[in-house]
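Below is one structure, written out as structure tokens; comments come after it.
Start at 1 and go down the list; that is how both ligands and their atoms are numbered. The analysis underlying the following values was restricted to heavy atoms, covering all of them including side chains, and did not include hydrogens, waters or symmetry mates.
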Amino acid sequence: MALREVLKFPDKRLREVSTPIEKITDEIRELANDMAEVMYDEPGIGLAAPQVGQTIRLIVVDTEWTAEDAEQNPLVLVNPEIVEHSGRISWTEGCLSVPDFEADVSRASHVKLRASNLEGEDLEIDASELQAVCFQHEIDHLDGILFIDRISRLKRNLYTQRRKKQLRRELEEQSGN
Ligand code: K1U
Ligand code: ZN
């Protein structure tokens, strides 16, 4: 089966606020599996359901699998929420929905996150550094926020213009001009 497609900026569906998951169904389990496949294939260290066009509060994260000899171990989080945060850290972020762009973003360096797993069990996770950054980035997706919203307007405008030019060129190439 083909992998689910990752929506790309400026797709308006990335700007929707996702709805909480009330019941974990087979469909949700299948979506979580598909999201993990997409994340490892891209490759990425996280993915949020809206990025594959599903506006529900579901994320997958694995910030360790890229290390040498590490195994793939996706952390699937249902209705994740940050309940405590502290400190600041600047991290150079990218996003599978924001092609060809990276920028430094300032976020909390430590977070406490509450969520459920696919078995419906409550989880509480203390995260720091890259994992904390990744949780915040993915939860932003659930609220329709992209990391480019957290950088200077100048950098965001420059990227937006470059991306629009890129899309225009792609359209021209497709229509044979
Ligand atoms: O949400 C996404 O689009 C995934 C994104 C997550 C993220 C990256 C950096 C900081 C915070 C959150 C990515 O995974 S971009 C790709 C990436 O960071 C990466 C890919 C391969 C190896 C190591 C990192
Ligand atoms: Zn992203």
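- Both the backbone and the side chain of Ile45 come within 4.0 Å of ligand 1, counting heavy atoms alone.
- No salt bridge links Arg114 with Glu81; every basic N to acidic carboxylate O contact stays at or beyond 4.0 Å.
- The shortest contact between atom 20 (C) of ligand 1 and any protein heavy atom is with Pro43 O, 3.4 Å.
- Using a cut-off of 4.0 Å between Lys/Arg side-chain N and Asp/Glu carboxylate O, Asp143 and Arg15 are scored as not salt-bridged.
- Close approach of ligand 1 to Gly46 is summarised as follows: ligand atoms under 4.0 Å from at least one heavy atom of the residue are 1 (O), 2 (C), 4 (C), 14 (O).
- In this structure, of Glu93, Gln136, Gln51, the residue bringing a heavy atom nearest to atom 10 (C) of ligand 1 is Glu93.
- Checked against a 3.5 angstrom limit, the closest N/O atoms of His137 and ligand 1 fall inside it.
- Salt bridge annotation for Glu93-Arg107: present, with a cationic side-chain nitrogen under 4.0 angstrom from a carboxylate oxygen.
- For Glu71, the CD atom sits in a loose shell: 12 or fewer heavy atoms of surrounding residues, nucleotides or ligands are nearer than 6.0 Å.
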(request) Evaluate the criterion salt bridge (Lys or Arg N to Asp or Glu O under 4.0 Å) for residue pair Asp140 and Arg150; output intermediate values, then yes/no. (result) CA-CA 10 Å; Asp140 268 358; Arg150 299 195 179 277; 2.7 Å; yes
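- What sits closest to atom 8 (C) of ligand 1 on the protein, heavy atoms only, is Gly94 O, 3.6 Å.
- Set against the non-hydrogen atoms of His141, the atoms of ligand 1 under 4.0 Å away are 1 (O), 3 (O).
- Under a 4.0 Å N-O distance rule, the pair Asp11/Lys8 does not qualify as a salt bridge.
- Considering only non-hydrogen protein atoms, atom 22 (C) of ligand 1 sits nearest to Thr66 CG2, 3.4 Å.
- With contacts defined as side-chain heavy-atom distances shorter than 4.5 Å, the pair Asp122/Asn117 does not qualify.
- Taking a cut-off of under 4.0 Å to the non-hydrogen atoms of Leu96, the atoms of ligand 1 that pass are 2 (C), 3 (O), 4 (C).
- In the vicinity of Glu138, heavy-atom distances shorter than 4.0 Å reach the ligand 1 atoms 1 (O), 2 (C), 4 (C), 6 (C).
- Between Cys95 atom SG and His137 atom NE2, the angle centred on the Zn ion (ligand 2) amounts to 120° (nearest 10°).
- For the pair Met39 and ligand 1, no heavy-atom separation below 4.0 Å is found.
- Between Met35 and Ala48 the shortest heavy-atom distance is CE-C, 3.6 Å.
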